[in-house]
Each structure stands twice: as C-alpha cells, then as structure tokens.
2 protein chains.
Amino acid sequence: MKSDLDRLMSERNFDALIVTGPSHANPTMYYLINGAHVGEVTTVIKKRGEAPIIFANSMERDEAAKSGLQVVDRSQFDPLKMLNEEKGNVLRARARLMGQMLDSLGMAKGRVAVYGKEEQGAAFALWNMLMSIHPNIQIVGEYNNTIFDRAWYTKDADEVARIRAVGEKTMTIVGKAWDYLASRRAKDGVLLKDDGSPLTVGDMKNQIRQWSVEQNIEHPEDFIFAVGRDAGVPHSRGTETDVIELGKTIVFDIFPCEAGGGYFFDFTRTWCVGFAPPEVEKVYNEVLEIFNISTDSMQAGAPCGQYQRLTNDYFEKRSHPTTRSHPKTTEGYVHSLGHGVGLQVHERPSLADYEGNTDALEPGVAITVEPGLYYPDKGFGVRIEDFVWLNPQTKTLETIGEFRKDLVIPLRG
Amino acid sequence: MKSDLDRLMSERNFDALIVTGPSHANPTMYYLINGAHVGEVTTVIKKRGEAPIIFANSMERDEAAKSGLQVVDRSQFDPLKMLNEEKGNVLRARARLMGQMLDSLGMAKGRVAVYGKEEQGAAFALWNMLMSIHPNIQIVGEYNNTIFDRAWYTKDADEVARIRAVGEKTMTIVGKAWDYLASRRAKDGVLLKDDGSPLTVGDMKNQIRQWSVEQNIEHPEDFIFAVGRDAGVPHSRGTETDVIELGKTIVFDIFPCEAGGGYFFDFTRTWCVGFAPPEVEKVYNEVLEIFNISTDSMQAGAPCGQYQRLTNDYFEKRSHPTTRSHPKTTEGYVHSLGHGVGLQVHERPSLADYEGNTDALEPGVAITVEPGLYYPDKGFGVRIEDFVWLNPQTKTLETIGEFRKDLVIPLRG
C-alpha cells in the first residue's frame with residue numbers, strides 16, 4: 001500500500017525517490033501521480049515522509065493538477081537558459097536541472113533511489129552525470145524487491161475493486177467469445193462466419209478488440225487466441241490467418257487493463273469447439289485437477305514455491321516432463337504456477353520454485369493460478385488460469401471473474 | 001536507416017549494442033526486431049557488422065521467430081541454475097546471465113552501448129553489476145543524439161508508406177468527427193446528441209475511439225479534444241464532462257500509431273462550430289499565416305532553429321508573448337514549431353531554438369509543423385498542425401494527410 005512507502009524508504013535509508021518517464025506504460029509513475037497524464041518530460045520527487053511533488057512542463061499543468069499533488073512549473077528553473085549556458089550539451093543541462101529540482105526541495109545531498117521506465121542508456125548517463133556534478137548525492141538503483149514491489153505486494157480493497165471491474169468486463173468478453181463460437185456453423189470441420197467463409201483467428205481477435213472498446217478496457221500487450229500447435233507454445237499470440245478447426249484446442253489468454261493504463265486482470269480458458277479428442281480431454285482433466293488441488297491447498301502465509309513443487313510432482317507422476325525434470329523442455333509443464341498482477345501483468349509474488357524465492361502468500365496478494373500442459377508437436381496445448389485474491393479479512397481465496405471451466409463448446413446448430 | 005547503425009557504431013567505437021525491455025512501447029526494440037512481440041524478458045544483442053540476435057524465453061520462441069532474426073533460447077544458459085547458485089540474488093544471477101550471453105557471441109570484452117525502455121533503477125544496478133563482474137566490458141549510455149536518434153533522423157520510403165497509411169486512417173477519423181459535429185442540432189448554444197441530451201467531450205472521445213478501432217490504429221498516449229479554456233492549455237486532453245458550445249475553439253490533436261505499436265502520425269485542427277468570435281478568427285488567421293510562411297520557406301539543409309525564430313518574430317511583431325520574449329509565459333506562443341515523428345511521437349529533428357541545436361532539415365525528415373497561440377484566461381487556444389515529409393528525391397515538402405484548414409464548422413441543420 002502507498003502508505004508503506006515511507007516505512008520502506010526509512011528501512012532502506014532512502015532520503016528521497018525520483019520517478020521519471022512517460023505517464024503511460026510506466027507503473028511507478030502511474031501509482032505516484034494517481035493515473036494523471038503528464039507527458040514525457042515529467043519528474044516526480046518524493047522526500048521521505050512527504051507527499052510527492054510533480055515538476056512538469058507548463059503545457060502539462062492541467063493534466064498534472066488532476067493528480068491532486070503539488071505541481072511545480074519546470075520553467076521556473078529556465079531549462080532553455082541552462083541549455084544555452086551548456087552550449088547545447090543536453091546531458092549536462094538536464095543533470096543540472098535535476099540537481100536544481102532536488103536543491104529546491106532541500107535535497108542537495110543524500111541517498112536518492114530512482115524509478116520509472118526510461119531509455120536505460122540515457123538514464124545511466126544522466127544519473128552518472130548528476131553524481132559527478134553533485135558528489136554529495138548518491139543515486140541508488142533497486143533491481144528487484146524494490147520498495148514499489150513491496151508496496152504492491154498486497155492489494156487493498158480499493159485496488160481489488162478496480163481489478164474486479166476489469167475482471168467483470170473481461171467475463172463479458174469471454175462470454176461473448178463463447179457464444180459466438182457456439183453459434184457457428186461448420187463445414188469440412190472448419191468454423192464459418194455468417195457469410196459462409198471460414199472464421200480465422202484474425203477475425204476472432206478483431207471481434208474481441210471491438211468488444212474491448214465497448215467495455216472500455218485495453219490490451220497494451222495484446223492477448224492470446226492460439227489454435228492447435230500455437231496453443232502448444234505458451235506465449236504464441238496465435239496466427240491471424242489460421243482457421244478454427246473442430247476439436248483443436250484454443251488457448252484464449254486475455255490480460256487487459258483499465259482504459260488509459262491502470263490495473264490489469266489476467267485470465268485463460270482452453271476450449272475445443274464441437275468435441276475434444278480423448279488425448280486432449282485426458283490432459284485437460286489433469287490440468288483442471290491440479291488447478292483444483294493447488295488452489296484448495298493454498299494457505300495464507302505459506303511459501304509460494306511449494307505450490308510449484310506440488311504441481312511439478314503431480315505432472316511428473318503422470319509422466320509429463322517439467323522444467324524441473326527436464327530444464328530445457330518445450331513439452332509438458334514449462335512455466336511457473338502463477339504471479340501477482342496489479343499495475344503490471346507480472347509482479348510479485350512469484351509462484352516459481354528457486355532457491356531464494358522467499359515470496360509467501362501474504363494476506364492481500366492478488367495472483368494468477370495457471371497450470372498448463374503443452375504438446376506443440378502433437379498440435380495442442382492446455383492452460384487454465386483464474387485470478388484470485390487472498391482476502392486479508394477472511395484469509396480465504398476469492399476468485400475474481402467467474403467463468404465455467406468446460407473444455408468443449410458444443411455447437412448449437 | 002537501419003543500415004546506418006554499423007557506421008554509427010564504428011564512429012562511436014561501440015563493439016556491440018544491447019537492447020532490452022518490453023516489445024511494446026519500446027521503440028528501439030520494435031525497430032531492431034521488426035515489430036515482433038517477444039514479451040518482457042528478451043535481450044537483443046547486435047555486434048558491429050552483424051545482424052541482431054534475440055535471446056528469448058523459450059515460451060516466446062514463435063513470436064521471436066516472426067522477427068526474421070536468429071533466436072537463441074535463453075534456457076540454454078540455465079538461468080534457474082544461476083539463480084540457485086546465487087541463492088536467489090536475482091541481480092547477480094541476471095548480470096551473470098547477461099555476461100554469458102555476451103560471452104557466447106565472443107564479447108567477453110569491449111564497449112557495449114545499452115538501449116531500450118527499462119525500469120531505470122534496475123538497469124542502473126544491472127549494468128554496474130555487470131561491469132563489476134566483467135571489468136573488461138565497458139557499458140556506455142547515450143543520452144541524446146544516440147545512434148538510434150541518428151538512424152531515425154530521416155525516413156525512407158517504406159517508413160513513409162507506413163506513416164502515410166496511419167495518416168490516411170486518421171483523415172477518415174478527422175472527417176467523421178467534422179461530419180458528426182456539422183450534423184448536430186444546437187439548443188441554448190450547446191450541441192446535442194441524437195437523443196437530445198448535450199454532447200460532451202467524453203462522448204466525442206468515445207466516438208473517436210470507436211472509429212479508431214474500426215481503422216485499426218491505436219492511441220497509446222491518448223489524444224486531445226479540448227474545448228474553450230482547455231484548448232488554451234496545449235497538452236490538456238480535454239475535460240470529459242465539458243459540453244461543446246457554439247463559437248468555442250476545439251483543439252483536436254490526434255497522434256495515433258499502427259495497431260500493436262509501430263509508426264506514429266501527428267495532426268491537429270482547431271474548429272469552432274457554428275461561428276467564430278472575431279478575436280478567435282483574428283488569432284486563427286495569424287496562426288494559419290505563419291504556418292504557411294514557415295512551410296513555404298523550409299529548405300533542405302537549413303538549420304531547424306531558424307523557423308522557430310521566424311515564428312517568434314512573426315508573433316512578437318503582432319504583440320503576442322512568446323517563450324523567447326517571456327520565458328515563463330503561459331499565454332501566446334509557448335512551444336516549439338515542430339518535431340520529428342516516427343516510432344515515437346517526438347523524435348529528431350527538433351524545430352526548437354537553443355544554442356547547440358544543430359538539427360537541420362536533412363532530406364528525408366518527417367516532421368510536424370504546428371504553430372499555435374494560447375489564451376486560456378480568455379477561454380481559447382488555436383493550433384494548426386500538419387505532418388510533412390521532405391522528399392529526398394525532389395527536395396520538396398510533401399504533406400501527409402490532407403485536410404481542409406477551415407476554422408468554422410457550419411451546422412447543416
């Protein structure tokens with residue numbers, strides 16, 4: 001929670017933090033300035049124990065003010081004059097500007113941690129230049145388990161309400177996709193559009209994009225609608241020209257966010273239209289069984305890695321390779337059981353199993369549970385993914401976005 | 001052009017470059033891997049004189065292959081084993097992995113420039129750790145005028161064809177917006193929807209979003225539809241609840257990109273529905289006149305800053321404040337005349353005027369020309385923006401996306 005930031009800054013001995021970068025696709029910026037749209041050249045500085053302050057281009061002042069935070073006009077530092085004084089050396093001019101912003105907050109020295117999506121080479125140059133101009137300022141970069149990772153580790157009721165709203169819109173879209181597929185006619189084993197031509201993956205993806213606009217949610221990282229062999233490659237987005245054959249697995253993995261950026265949701269179903277081959281049905285039932293076993297066994301406070309071990313045990317016992325038994329396998333179970341979701345599709349905790357993964361199911365985590373089995377050479381893959389929140393009051397898992405887990409979509413025609 | 005990269009690397013003494021970060025909202029990644037979607041943990045390494053190589057998670061192999069580049073499965077370095085050996089110290093494990101990737105290309109030493117949108121603190125930590133583990137590797141961060149900035153400075157015919165396609169779709173949307181506004185009825189000076197309720201900025205923005213999906217273009221940084229006072233604040237996105245009054249200026253600034261990321265287009269018109277007050281008309285005509293004067297005077301090879309000076313001269317002579325005459329003004333002419341556009345909305349060249357801006361109108365630049373005048377306290381703002389390409393064959397400016405420059409949209413009713 002945001003209120004954790006000051007405690008975390010204190011524990012890590014950070015006197016201030018700086019966030020820069022765009023206001024879209026930049027979770028730390030979005031978080032600190034409450035989703036305001038402030039353009040590309042904004043700097044946010046938060047001193048420990050104080051509210052963040054936005055240093056914005058005057059052109060962005062209206063959007064910056066929507067954050068509810070104090071906004072300082074960058075032009076008061078006269079950046080153009082600095083550029084002229086530095087004879088067009090933009091790096092030195094920008095490092096001086098950053099130094100002046102810090103100085104204006106009484107931060108001429110101290111430990112300053114930096115965050116935000118930036119061109120990494122430019123950032124590397126800027127922070128090194130800042131330290132060479134201001135030797136009393138120490139710039140710190142956190143690699144993982146950052147103070148934001150920690151603040152985001154658990155979700156409060158307001159955050160979950162926003163995720164739930166995206167989840168409900170997603171359920172509408174998933175329901176429409178099911179209904180659309182169920183209402184198709186088939187010819188020669190291939191689904192048809194209303195006009196009698198074959199329905200393609202591209203057609204379905206366009207439909208889903210239209211429904212998403214109607215629902216006011218976005219897909220900044222696209223989504224997966226992958227058929228047959230592609231369904232056997234976990235992150236294949238699908239091939240637009242593929243037709244949809246009866247009996248082939250469809251992996252539909254959708255991870256939208258609120259319009260304009262914000263909280264994500266993440267959800268997968270695997271479907272076969274018309275019928276499922278026995279081999280697929282067997283694998284599907286195994287994935288569904290370990291899905292149920294793992295979610296039923298999840299307990300507040302337990303180390304996350306144990307559920308990955310449980311899933312590896314289950315699959316290996318049934319002769320499926322896993323990345324534990326066969327580290328380089330591309331068949332069988334090839335990913336981790338799940339991950340936190342929030343302002344990013346992938347965040348803490350990680351339901352992976354490696355030494356040093358100390359992530360635990362703390363009350364308040366909002367995570368995916370998504371076992372899967374993949375056999376691309378056999379032309380199929382299966383993944384079932386639900387989104388769950390560990391309610392900190394009841395200490396029980398709540399599913400966000402309920403949808404039937406049937407493998408087969410029967411044709412109505 | 002991409003073929004410039006090797007020459008630029010040679011001039012700057014870079015033995016290799018590394019690009020990391022997501023494959024969306026990450027122009028250098030998009031550029032090197034030809035728009036493939038390869039997820040969040042991909043590393044691309046290009047040695048000087050050689051084609052880029054993608055080091056991808058095995059789950060991403062299909063999408064990575066769509067780049068047409070050589071793809072190396074990261075799992076061959078066994079990152080999980082490294083994590084275990086480093087007892088969960090993710091930073092050390094990742095720095096070792098990066099070092100092994102470089103080593104696998106015979107790059108155990110040398111000067112390596114880094115690019116790509118990343119969490120800047122994490123990147124800062126990673127590159128420092130890599131250098132401490134591999135003292136013979138020197139990481140270089142370029143702040144501005146990077147080799148990509150240079151390679152992108154001019155656009156070739158293929159790039160312009162893609163920008164032109166986005167431009168044509170944008171013209172369809174701008175035309176629909178004009179027609180929709182022209183077809184409204186008004187009551188008490190306010191435009192109405194078909195159902196008789198007032199038309200709001202939010203309604204218009206939703207309409208424009210729907211049309212954008214139909215046209216298969218995206219607005220990763222939103223767009224501007226700002227009325228009255230908001231039109232007087234250059235980057236105000238508009239207030240969703242605002243109604244649209246007859247005679248108020250509407251600044252409609254739209255800067256979409258190809259679906260799934262890619263090339264941008266950028267375009268602005270200012271409209272008054274029904275009629276324009278004389279004061280607005282006068283200012284509009286001034287903006288239009290300097291638009292024509294500046295574009296008519298543009299010549300291949302000329303320094304870009306001179307057109308900003310020309311525009312400042314023009315406006316100051318007519319008693320408008322500028323950021324040259326009044327550095328902190330928020331009235332009058334408050335921004336630069338334009339900028340390059342490509343895989344980013346804002347790139348080189350810059351049509352700004354400061355010492356050290358050596359940008360020139362090289363044949364092949366694709367830029368905006370966008371003079372404007374802003375009077376928020378008087379409740380209006382005006383900007384006219386066209387997108388032009390300096391055709392390297394003919395050395396003349398070609399407008400991409402033609403649309404009438406009328407201020408007033410007459411009501412048809």
Side-chain angles (χ1 to χ4, degrees), chain A residues 20-21 24-25 37 39-40 58-63 75-76 78 80 83-84 87-91 113-127 139-144 146 209-210 213 220-222 230 233-237 260 327-328 330 334-335 346 354-358, chain B residues 20 24-25 37 39-40 58-63 73 75-76 78 80 83-84 87-91 113-127 139-144 146 209-210 213 220-222 230 233-237 260 327-328 330 334-335 346 354-358:
Chain A
T20 69
H24 73 285
H37 284 282
E40 295 162 24
S58 151
M59 294 201 292
E60 317 285 356
R61 63 190 182 278
D62 269 25
E63 298 300 320
S75 72
Q76 76 170 68
D78 210 340
L80 202 55
L83 258 179
N84 286 330
K87 312 224 176 293
N89 184 329
V90 185
L91 173 58
V114 296
Y115 307 89
K117 289 266 189 200
E118 278 284 7
E119 267 301 321
Q120 60 185 330
F124 190 74
L126 180 71
W127 302 125
I139 296 294
V140 183
E142 295 198 283
Y143 189 76
N144 66 321
T146 71
R209 288 189 188 110
Q210 279 282 357
V213 174
E221 305 188 31
D222 203 10
D230 287 354
V233 179
H235 281 190
S236 169
R237 299 294 197 264
K328 294 172 194 177
T330 54
V334 299
H335 53 64
H346 296 97
Y354 58 87
E355 197 171 335
N357 183 13
T358 55
Chain B
T20 68
H24 73 285
H37 284 280
E40 295 162 24
S58 150
M59 293 201 291
E60 317 285 356
R61 63 190 181 280
D62 270 25
E63 298 300 320
D73 185 344
S75 74
Q76 77 171 65
D78 212 340
L80 202 55
L83 258 179
N84 285 330
K87 311 219 178 298
N89 184 329
V90 184
L91 173 57
V114 296
Y115 306 89
K117 289 267 189 199
E118 279 283 7
E119 268 300 322
Q120 60 185 329
F124 190 74
L126 179 71
W127 301 124
I139 296 294
V140 182
E142 294 198 283
Y143 188 77
N144 67 321
T146 71
R209 288 190 187 106
Q210 280 282 357
V213 174
E221 305 187 33
D222 203 9
D230 286 356
V233 180
H235 282 188
S236 169
R237 299 297 198 260
K328 293 171 192 175
T330 54
V334 300
H335 52 63
H346 296 98
Y354 58 87
E355 199 171 335
N357 183 13
T358 55

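Below, chains carry the letters A, B, ... as their sequence lines are ordered, and counting in each starts from 1.
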By a 4.5 Å heavy-atom criterion (distance strictly below it), what part of B/Asn144 contacts chain A: side chain, backbone, both, or neither?
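Contact with chain A is through the side chain of B/Asn144 alone.
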Please flag which part of B/Ala25 lies under 4.5 Å from any non-hydrogen atom of chain A: side chain, backbone, both or neither.
side chain
Look up atom [atom1] in [X] and atom [atom2] in [Y], then write down how far apart they are to the nearest 0.5 Å.
| X | Y | atom1 | atom2 | value |
| --- | --- | --- | --- | --- |
| A/Thr20 | A/Leu126 | OG1 | CG | 7.5 Å |
| B/Lys328 | A/Asp78 | NZ | CG | 6.5 Å |
| A/Glu60 | B/His235 | CD | NE2 | 5.5 Å |

So, does A/Glu355 use its side chain to make a donor-acceptor pair with the main chain of B/Lys87 at under 3.5 Å?
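Pair absent, no side-chain N/O of A/Glu355 close to backbone of B/Lys87.
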Sidechain-backbone polar pair: B/Gln120 side chain, A/Lys117 backbone, donor-acceptor under 3.5 Å
no
Search all heavy atoms of A/Tyr143 against all heavy atoms of B/Ala125 and return the closest pair with its distance.
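For A/Tyr143 and B/Ala125, the tightest heavy-atom pair comes out as CB-CB, 4.2 Å.
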I'd like to verify something: which residue of [options] has the highest number of heavy-atom pairs under 4.5 Å with chain B?
| options | value |
| --- | --- |
| A/Thr358, A/Ile139, A/Asp230 | A/Ile139 |
| A/Gln76, A/Glu119, A/Glu142 | A/Glu119 |
| A/Ala113, A/Gly356, A/Ala123, A/Ala122 | A/Ala122 |

Looking at [options], which has the largest count of heavy-atom pairs under 4.5 Å with chain A?
| options | value |
| --- | --- |
| B/Asp73, B/Val114, B/Val90 | B/Val90 |
| B/Ser58, B/Pro220, B/Pro327 | B/Pro220 |
| B/Asp222, B/Val334, B/Asn357, B/Thr330 | B/Thr330 |

Less than 4.5 Å apart, any side-chain heavy atom of A/Glu118 and any of B/Glu118?
no
What part of A/Glu63 gets within 4.5 angstrom of chain B, counting heavy atoms only: side chain, backbone, both, or neither?
side chain
Interchain contact, A/Thr146 with chain B, by part (heavy-atom threshold 4.5 Å)
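No part of A/Thr146 comes within 4.5 Å of chain B.
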